[in-house]
There are 2 protein chains.
Amino acid sequence: MSQSAVSRAFTPGARISPETRRRVLEAAERLGYRPNAIARSLSTRRSGIVALIVGDLHNPFYPQALSQMAQALEAGGRRALLLTHDAGRDVQETLDAARAYQIEAAIVFPTRLNSTPPSLGDVSRGGIPVLLFNRRLPGHDDLLSVACDNHAGGRLAAQILYGSGARRLAFIGGDPETSTHQDRLRGFSEWLAGVGLSPVAAPARAFHYDWGFQATLDLHAAGERPDAIFGANDIVAIGVLDALRLLGRRVPEEVSVIGFDGIQEGGRVAYRLTTIRQPLEAMIEDALRTLDDPRPGSGPRLHPGELVWRGTVRGNPP
Amino acid sequence: MSQSAVSRAFTPGARISPETRRRVLEAAERLGYRPNAIARSLSTRRSGIVALIVGDLHNPFYPQALSQMAQALEAGGRRALLLTHDAGRDVQETLDAARAYQIEAAIVFPTRLNSTPPSLGDVSRGGIPVLLFNRRLPGHDDLLSVACDNHAGGRLAAQILYGSGARRLAFIGGDPETSTHQDRLRGFSEWLAGVGLSPVAAPARAFHYDWGFQATLDLHAAGERPDAIFGANDIVAIGVLDALRLLGRRVPEEVSVIGFDGIQEGGRVAYRLTTIRQPLEAMIEDALRTLDDPRPGSGPRLHPGELVWRGTVRGNPP
DNA sequence: CTGAAAGCGCTTACAG
DNA sequence: CTGAAAGCGCTTACAG
């Protein structure tokens, strides 16, 4: 039994007789043999490894995206190398480290990445496609990017809230340096401008529960009494809801609230948050397809958000 | 410049003159050269890769643990290969797949693993140490395990609640097949027995928010009015809190609530959940140390939980 | 269809 | 300290 025969037995579609393959596989089973993927990678120059780069996993959207992404990768016979990226260091460094493992692609979950990351400039040197998930980076056309259509989502939020009768609409933002924040706010403001309105307030800081909570309190302390609040994402909107409860303002009777993301937490009985859901499955599928056939410079690939009607917006679904 | 020289320049502590090393590193910098970690792995037979096997990341405890674990691994110059494990498949299969990458160890986050997993029997065949994080599997002495001392934690919960004046104490469990559930309940019941009490109720199903919520509603519908509830973990306890709020029962005046885990979510203003925190950093450190020097059969390594006093237990901290 | 041989990019005794 | 050579465990033309 030659080495080649064994190799071919484990290679789908290789030229080998069924009989030989059977014998090899049988022996392998008996001996507990498994081909060494590391050696195969070296030989074929294809590691089958994709780097997943994550920052903090504070926002539940990311763990959800991460585990679904890992599963999708596995379904395609690839492996996920998990790398953490903390605020202090450069993403570039992390990427370089990953490159040593002959990764075929890298996907960055930009939990802590704003629009001016120090050195994502020549990120894809070495010919490895790098994809930003859930963010676009203006001016970085060498980066692939898959995101929700946040601009359209912002418009939709405005339309829904306005349609529910609200006229004093506030936006409570996230990290103002991110495209997610900017695009959602822009869409929101633009749509409102179309009906002669503008947001009564748009404080912004971070995509955190605590910020949504605090900003809502501050808003009311300053005398604002919005009749609708668009939270920059679900976790912010959940903070908003808790603050409103504390303030004694009834949702949705007095105030409507809408979020963005579609995290499972928003569906809990305590919140029933109406939101614009990012189509995660479609985005992940698209991301993997895009990495297989990368065409940099074509701009971010946008997916429309889907309205999830629950209980925090007054009236009936449109 | 020989191949050997280059190799040694990148090997800390290798016999090489500072001058040569400098020249190599400089050239590498200029050329953008990085040693191929895959080739190195093949040569040294040490991949530096540790498999992290996760199920669903529903419970926020796991993403937190996962990202901290990945960071700790990186700090030690190792890499995390992320593998998902879904309920349907055998952990053994996932482990086998990981083994192809010459992993040095595997850490299983048993989000969906109960005490009778189909085939974790000869899991460490191949000499790769496998460590269960946050669970012990009675009868599986070949598995390493690092967990919180759930039994002691259960006792502590009983003591705290009893100390706050409660006499009708309920336990709302998680997945009853897990060691985490069983140990916490056992400790809880044992301590209560010591003062002549037993839990007024101990429904169990899953470590989910929805279950904590539903079980609390059911309990009250059945006419029980506990004056204290021990949630099997924080996410269950948070469901309990939301249900109590719906029922109009005031916390902590009428009912005290305590959780287990110490997830960040419990600290939110809306909950202020008093809990027993798992010392995650210490557990992770211990896990990595244990994997470096594995001594199977020595039983699970237990870490004491720490009381985090917030606002859901009546009275003052002990 | 099958096997012998070269090569993937490193590391590491070994000899100098 | 340095270099030539063998070897890690695979894959894949190439010849048969």
Side-chain angles (χ1 to χ4, degrees), chain A residues 1-51 77-79 81 95-105 125-128, chain B residues 1-51 77-79 81 95-105 125-128:
Chain A
M1 194 64 65
S2 76
Q3 210 181 124
S4 320
V6 176
S7 171
R8 287 193 266 254
F10 281 98
T11 308
R15 300 186 151 283
I16 187 175
S17 74
E19 165 62 8
T20 315
R21 167 166 281 154
R22 193 190 54 70
R23 282 174 51 214
V24 172
L25 261 27
E26 195 174 274
E29 172 71 22
R30 188 155 30 80
L31 273 40
Y33 168 82
R34 283 206 140 231
N36 180 329
I38 295 280
R40 168 183 293 171
S41 301
L42 187 60
S43 187
T44 58
R45 296 131 152 289
R46 306 200 67 236
S47 66
I49 297 177
V50 172
R78 297 145 107 171
R79 299 288 163 209
L81 194 68
L95 231 25
D96 277 338
R99 197 134 42 205
Y101 281 88
Q102 310 306 103
I103 54 168
E104 296 182 357
R125 84 176 163 212
I128 296 161
Chain B
M1 194 64 65
S2 76
Q3 210 182 125
S4 319
V6 175
S7 172
R8 288 194 264 255
F10 281 98
T11 308
R15 301 186 151 282
I16 186 175
S17 74
E19 165 62 7
T20 315
R21 168 166 282 155
R22 194 190 53 70
R23 283 173 51 215
V24 172
L25 261 29
E26 195 173 276
E29 171 71 23
R30 188 156 31 80
L31 274 38
Y33 168 82
R34 283 206 141 231
N36 180 328
I38 295 280
R40 169 183 294 171
S41 300
L42 187 59
S43 187
T44 59
R45 294 130 154 287
R46 307 200 66 237
S47 66
I49 296 177
V50 173
R78 296 145 106 172
R79 298 287 163 214
L81 194 69
L95 230 26
D96 276 338
R99 197 135 41 207
Y101 281 87
Q102 309 306 104
I103 54 169
E104 297 182 356
R125 82 173 166 217
I128 296 161

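Below, read A as the first sequence line, B as the second, and so on, with proteins coming before strands; counting in each chain starts at 1. Reckoned from all heavy atoms, side chains included, excluding hydrogens, waters and symmetry mates. If you're wondering where the values come from, they're calculated on a predicted model, not measured in any experiment.
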Rounded to whole Å, the CG-P distance (B:L42 to D:dT11) equals 12 Å
Given the P atoms of D:dT2 and D:dA6, what is the spacing between them in whole Å? 22 Å
Does the side chain of A:Y33 get closer than 4.0 angstrom to OP1 or OP2 of D:dC10 through an N or O atom? yes
Side chain to side chain, B:V50 and B:I103, heavy atoms closer than 4.5 Å: no
Length of the CZ-P vector between B:R46 and C:dG9, whole Å: 23 Å
Any donor-acceptor pair under 3.5 Å joining the side chain of B:S4 to the base of D:dA4? yes
For atom CD1 of B:I38 and atom C1' of C:dT11, their distance in whole Å: 15 Å
For A:S2 and A:Q102, find the nucleotide of DNA chain C closest to each by heavy atoms; which residue's nucleotide sits nearer the 5' end? A:S2
With a 3.5 Å limit on both atom pairs, tell me what D:dA4 is paired to, counting Watson-Crick and G-U wobble, or say none. none
Which is true for B:S7 with a 4.0 Å heavy-atom rule: it touches a base, it touches only sugar-phosphate, or it touches nothing? base
Taking C:dC10, D:dG9, C:dT12 as options, the one with an atom nearest any side-chain atom of B:N36 is C:dC10
Can you tell if the side chain of B:T20 reaches within under 4.5 Å of the side chain of B:S17, non-hydrogen atoms only? yes
side-chain N/O B:R45 vs D:dC8 OP1/OP2, d < 4.0 Å: no
A:D96 side chain near B:R34 side chain, heavy-atom distance below 4.5 Å: yes
d(CZ, A:R21; C1', C:dC1) in whole Å: 12 Å
Any side-chain N or O of B:T20 less than 4.0 Å from the OP1 or OP2 oxygen of D:dT2? yes
Which nucleotide in the list C:dT11, D:dT11, C:dT2 gets nearest to the side chain of A:R15? C:dT2
Between B:I128 and B:R99, is there a side-chain heavy-atom distance shorter than 4.5 Å? yes
Could you state the atom-to-atom distance from CD1 of A:I16 to P of C:dC1 in whole Å? 9 Å
Which nucleotide, if any, forms a Watson-Crick or G-U wobble pair with C:dA13, using both distances under 3.5 Å? none
Specify the separation, in whole Å, of atom CD of A:Q3 and atom C1' of C:dA6. 11 Å
Should B:E19 and B:R22 count as an ion pair when the cut-off is N to O under 4.0 Å? yes
A:A39 or B:A5: which one's nearest nucleotide on DNA chain D is closer to the 5' end? B:A5
Using a heavy-atom cut-off of 4.0 Å across all strands, would you classify B:R40 as base, sugar-phosphate, or nothing? sugar-phosphate
Is the shortest side-chain N/O distance from B:S17 to OP1 or OP2 of D:dT2 below 4.0 Å? yes
What is the distance from CZ of B:R99 to P of D:dG9, rounded to the nearest Å? 16 Å
Measure from the side chain of A:R8, starting at C-beta and using heavy atoms only, and say which of D:dA13, D:dG9, C:dT11 lies closest. D:dA13
Quick one: does B:F10's side chain get under 4.5 Å of B:P12's, heavy atoms only? no
Look at the side chain of A:S43 and the base of C:dG7, then say whether one donor and one acceptor between them are separated by less than 3.5 Å. yes
